[in-house]
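What follows is a short report on a single structure.
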Amino acid sequence: MSGSTTLHEYRTGWKRALIETRVSLTSIGDLMGFVMPTAIAIVVLLFMQRADFEGAPVSLGSMNMPSLIGMNVVFGGIVGMVGALAMDRTNGTLLRAKSMPGGMTGYLVGHLVSTAMFIAVTAIALLAVGLPLFDGLEFGSPDRWLIFLAVLLMGIVATLPIGAVLGALLDNPKNMGLVMFPIMGMVAISGIFYPITALPGWLQGVGQVFPMYWMGLGMRHALLPDAMAAVEIGGEWRTVTMFAVLALWAVVSMALAPRLLRRMSRRESGSAVAARRADMQRDW
């Protein structure tokens, strides 16, 4: 009976994910939220096309295009989950989910799958745009395709539960800055828009702690000429280390997320939702 119930919950979550994705695809606001930041970043990279990094065989713009894909995966996975959970706690969706068929499991599976779909589509769209626009990108062999897909999958698996953990801790959308500002800091020290080797040694060490750097490194490995490894730390792609660090983040966050989410759902009540709504209305 328990196995049948769990299967039903996952099926409910899958159906919920398809509905949420369809709704988002027909919402101008949701689409612009995904498209505009990426479009702005691409325009910035185009202006960097003629800028060179000493010793690199491709332009700075071409060098940063794969990093941008990796950054979007991390950003979308974390911020997407945090924003969804914070809003649903405020508008009562999370409270209603507790009493609906499929319960919290279906609710969370729905958000995870829907967010993962958008991340994957955004990454593939960026790849489709970047290949013809930026010289020097290489994606013409099966090993490149496999590396790209493996890094994309590992990035999604690693970042979505991180977003769920932070979303479980953040109880109000107005506190999104507590997530956004640290992520912007990670971008600055993770070699996304400039090689991390140009930073002081201690900042290089800090940047390597977080998944942002390793996602960018993995995407550069998938899309840039092998000669570009020379501008990386140690002069190599460090593929095994990259997958190991992302896997570690995935394991730790997956272990924490269910416990924090269960605690979060237990604390949900009508009075808590009303208090959040009143707090939001005062801010407006």
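The figures here come from the full heavy-atom set of this structure, side chains too, leaving out hydrogens, waters and symmetry mates.
Looking only at side-chain heavy atoms (C-beta outward), M215 and L152 stay at 4.5 Å or farther from each other. Contact annotation: the side chain of M176 approaches that of V79 to within less than 4.5 Å [non-hydrogen atoms, C-beta and beyond]. Using a 4.5 Å cut-off on side-chain heavy atoms (C-beta onward), L224 and M219 make no contact. Between L126 and N72 the shortest side-chain heavy-atom distance falls below 4.5 Å. Taking the side chain as every heavy atom from C-beta outward, F134 and V129 never approach each other to under 4.5 Å. The shortest side-chain heavy-atom distance between W214 and T241 falls under the 4.5 Å cut-off. Residues R220 and S67 have side chains in contact (heavy-atom distance under 4.5 Å, counting atoms from C-beta outward).
Contact detail for I78 and I183: the closest heavy-atom pair is CG2-CD1, 3.8 Å. A250 approaches A158 most closely through the heavy-atom pair CB-CA, 3.8 Å. What you find for P195 and M63 is that their closest heavy atoms are CG-SD, 3.6 Å. Counting all heavy atoms, side chain and backbone alike, T115 lies closest to M81 at OG1-SD, 3.9 Å. Considering all non-hydrogen atoms of both residues, P161 and A257 come closest at O-CB, 4.1 Å. Between I189 and I196, the shortest heavy-atom contact is O-CD1, 3.6 Å.
The hydrophobic cluster containing V157, built from Ile/Leu/Val/Met/Phe/Trp/Tyr side-chain heavy atoms closer than 4.5 Å, also comprises L153, M254. Other cluster members for L260: V165, L169, L248, V252, L256, joined by side-chain heavy-atom distances under 4.5 Å among Ile, Leu, Val, Met, Phe, Trp and Tyr.
In this structure S190 satisfies the side-chain hydrogen bond (donor to acceptor under 3.5 Å, both in side chains) test with no other residue, sequence neighbours excluded. The ring-ring contact (aromatic ring centres under 6.0 Å, His included) check on W249 picks up nothing, with sequence neighbours excluded. Residues that satisfy the ring-ring contact (aromatic ring centres under 6.0 Å, His included) test with F193, not counting sequence neighbours, are absent from this structure.
Among pairs with a residue in residues 161-190, none fulfils ring-ring contact (aromatic ring centres under 6.0 Å, His included), at least two apart in sequence or across chains.
With values rounded to the nearest 0.5 angstrom, M154 atom CE is found 11.5 Å from T159 atom OG1. Atom CD1 of residue I69 and atom CD1 of residue I192 lie 11.0 Å apart, to the nearest 0.5 angstrom.
By the criterion of side-chain heavy atoms lying less than 4.5 angstrom apart, applied directly or through intervening Ile, Leu, Val, Met, Phe, Trp or Tyr residues, W202 is grouped together with Y213 in one hydrophobic cluster. No single ILVMFWY cluster, assembled from side-chain heavy atoms under 4.5 Å apart, contains both V121 and F118. No single ILVMFWY cluster, assembled from side-chain heavy atoms under 4.5 Å apart, contains both V251 and V74. Note on I124: it does not cluster hydrophobically with I156, by side-chain heavy-atom contacts below 4.5 Å among ILVMFWY residues. L146 and L223 are members of different hydrophobic clusters when ILVMFWY side chains are connected at heavy-atom separations under 4.5 Å.
Panel note: side chain S114, backbone G110; no donor-acceptor pair is recorded below 3.5 Å. Panel note: side chain E236, backbone A229; no donor-acceptor pair is recorded below 3.5 Å.
The aromatic rings of H221 and W237 lie parallel to each other, with less than 30° between the two planes, well short of the 60° mark.
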Would you please test N64 and L68 for side chain to side chain contact (heavy atoms under 4.5 Å, CB included) and show each step?
CA-CA 6 Å; N64 291 336; L68 179 65; over 6 Å; no

I'd like to know whether L127 forms a side chain to side chain contact (heavy atoms under 4.5 Å, CB included) with M65, so could you lay out the CA-CA distance, the side-chain angles of the two residues, the decisive distance to 0.1 Å, and finally the verdict.
CA-CA 9 Å; L127 178 65; M65 184 62 202; over 6 Å; no

For a side chain to side chain contact (heavy atoms under 4.5 Å, CB included) check, start with the C-alpha distance between M242 and V245, then their side-chain angles and the critical distance, and finish with the verdict.
CA-CA 5 Å; M242 178 267 296; V245 173; over 6 Å; no

Begin with the C-alpha distance, continue with both residues' side-chain angles, and end with the deciding distance and a verdict on side chain to side chain contact (heavy atoms under 4.5 Å, CB included) for L85 and L170.
CA-CA 8 Å; L85 290 173; L170 194 73; over 6 Å; no

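Between R238 and E232 there is no salt bridge, since no side-chain N of the basic residue sits under 4.0 Å from a carboxylate O of the acidic one.
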